[in-house]
Amino acid sequence: MENKEKSSLNNQAALYTLEGKYQKASDIFESILSTDPDDTAVLFNYGFNFLQWEKGKKAVEVFEKIIILAEKAFENNHMTNLHASVVEDCGTACYDAGLYKEAEKYFMIAEAADPENSILMNHMGVLFFVTERIGEAEKYFEKAVKYDDENIDAWFNLADTYEVLGKAEDSEEARKKFLELENRD
């Protein structure tokens, strides 16, 4: 299958997912993967299709294949930011589906490959905040703003985290930075 045809089919299947035609989408993804089983973009969309179809266990199985491919690339020093980004997307999709244990696993793998990704650090902070590991959340929100001083979401989340931790002065400073960034637009 040529790349153009594969891309077109992948896009069509993704559209079917958004339309709620999960079986149709699944059939197309499986057809593509039968010719190229290591295509991470198709695998991600296939896994996302299962999440939307409320088949979380199957989605995690598909995402695990992406993780295996990313880990192989990492071991061979070939893991790129694209691999890290797809792994992060797996984590975000699992988080959105309430699969927090899996989300954490994927985020940790992405962090190993891209440790200064401010958006990823913010996602990890949110995960830890929601799972009531506030100290870990604080650590990741602080990393997020360290790596990108203009990450408005991280400043907002850091202010809330400091507030929960009883760090009123720190919370006020983070909130000021958030408001400064918000009013800049």
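The chain is numbered in sequence order, starting from 1. No hydrogens, no waters, no symmetry mates; every other heavy atom, side chains included, goes into these values.
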Taking the side chain as C-beta and beyond, is there a heavy-atom pair between Arg175 and Glu163 under 4.5 Å?
yes

Val62 versus Gly47, closest heavy-atom pair with distance:
CG1-N, 3.7 Å

Are Arg184 and Glu150 close enough for a salt bridge, meaning some N to O gap below 4.0 Å?
yes

Is Lys139 paired with Glu142 through a side-chain N to carboxylate O contact shorter than 4.0 Å?
no

Would you check if Met124 and Glu136 make a side-chain contact, meaning some heavy-atom pair closer than 4.5 Å?
no

To the nearest 0.5 Å, what is the distance between OG (Ser85) and CG (Asn117)?
8.0 Å

CG of Leu33 to CD1 of Ile28: how many Å apart, nearest 0.5 Å?
12.0 Å

Of the non-hydrogen atoms in Leu127 and Ala103, which two are nearest, and what is the gap between them?
CD2-C, 4.2 Å

With salt bridge (charged side-chain N to carboxylate O under 4.0 Å, His left out) as the test, would you mind laying out the steps for Lys101 and Glu104 before giving the verdict?
CA-CA 5 Å; Lys101 182 179 173 185; Glu104 182 176 347; over 6 Å; no

Of the non-hydrogen atoms in Ile109 and Ile67, which two are nearest, and what is the gap between them?
CD1-CG2, 3.3 Å

Closest heavy-atom pair and its distance - Lys65, Leu43:
CG-CD1, 3.7 Å

Given Asn45, which partner from the list Asn11, Asn10, Thr17 fulfils the side-chain hydrogen bond (donor to acceptor under 3.5 Å, both in side chains) test?
Asn10

Here the pair of heavy atoms bringing Val126 nearest to Tyr95 is CG1-OH, 3.4 Å

Would Phe156 and Val130 show up in the same hydrophobic cluster when neighbours are defined by side-chain heavy atoms closer than 4.5 Å?
yes

Qualifying residue for side-chain hydrogen bond (donor to acceptor under 3.5 Å, both in side chains) with Glu138, from Arg133, Lys143, Lys167
Lys167

Which distance, rounded to the nearest 0.5 Å, do you find between the OH of Tyr162 and the OG of Ser171?
9.5 Å

Neighbour count above 12 (heavy atom, 6.0 Å) for Glu169 CD
no

Say whether Ile66 and Ile68 are linked into one hydrophobic cluster, either directly or through other cluster members, by side-chain heavy-atom distances under 4.5 angstrom.
no

Pair Glu182 + Lys177: basic N to acidic O under 4.0 Å
no

Residue pair Glu30 / Tyr46, side-chain donor-acceptor N/O under 3.5 Å:
yes

Any side-chain heavy-atom pair from Phe107 and Val87 closer than 4.5 angstrom?
no

Would you say Glu132 has more than 12 foreign heavy atoms packed within less than 6.0 Å of its CD?
no

Give a yes-or-no answer on whether the side chains of Asn122 and Asn151 include a donor-acceptor pair shorter than 3.5 Å.
no

Starting at CD1 of Ile152, measure out to CG of Asp149 and round the result to the nearest 0.5 Å.
12.0 Å

Partners passing side chain to side chain contact (heavy atoms under 4.5 Å, CB included) against Lys24 (at least two apart in sequence or in another chain)
Tyr16, Lys21

Common cluster, Phe44/Leu18, ILVMFWY with side-chain heavy-atom separation under 4.5 Å
no

Residues forming a side chain to side chain contact (heavy atoms under 4.5 Å, CB included) with Ala97, sequence neighbours excluded
Leu51, Leu99

Between Ser31 and Asp27 (side chain of the first, backbone of the second, donor and acceptor by atom type, cut-off under 3.5 Å), is there such a pair?
no

Please work out which of the three classes, parallel, tilted or perpendicular, describes the rings of Phe129 and Phe141, given edges at 30° and 60°.
tilted

salt_bridge(Glu172, Lys176) N-O dist < 4.0 Å:
yes

Where does the angle between the aromatic ring planes of Tyr22 and Trp53 fall among parallel (under 30°), tilted (30 to 60°) and perpendicular (over 60°)?
parallel

Between Leu15 and Leu9, is there shared hydrophobic-cluster membership here, with clusters defined by ILVMFWY side-chain heavy atoms closer than 4.5 Å?
no

Approximate separation, where rounding is to 0.5 Å, of Ser8 OG and Asn3 CG:
12.0 Å

Quick check: are there more than 12 heavy atoms from other residues, nucleotides or ligands sitting under 6.0 Å from CD1 of Ile119?
no

Does the side chain of Tyr147 reach to within under 4.5 Å of the side chain of Met121, using non-hydrogen atoms?
yes

Distance-minimising heavy-atom pair for Gly125 and Ala137:
O-CB, 3.4 Å

Note: Lys105-Glu64 ion pair, threshold 4.0 Å (strictly below):
yes

Hey, is CZ on Phe48 packed in by over 12 heavy atoms from elsewhere, all under 6.0 Å?
no

Rounded to the nearest 0.5 angstrom, the CZ-CG distance for Phe29 and Asp39 is 10.5 Å

Looking only at atom types and distance, does a side-chain atom of Thr92 sit under 3.5 Å from a main-chain N or O of Glu88, one as donor and one as acceptor?
yes

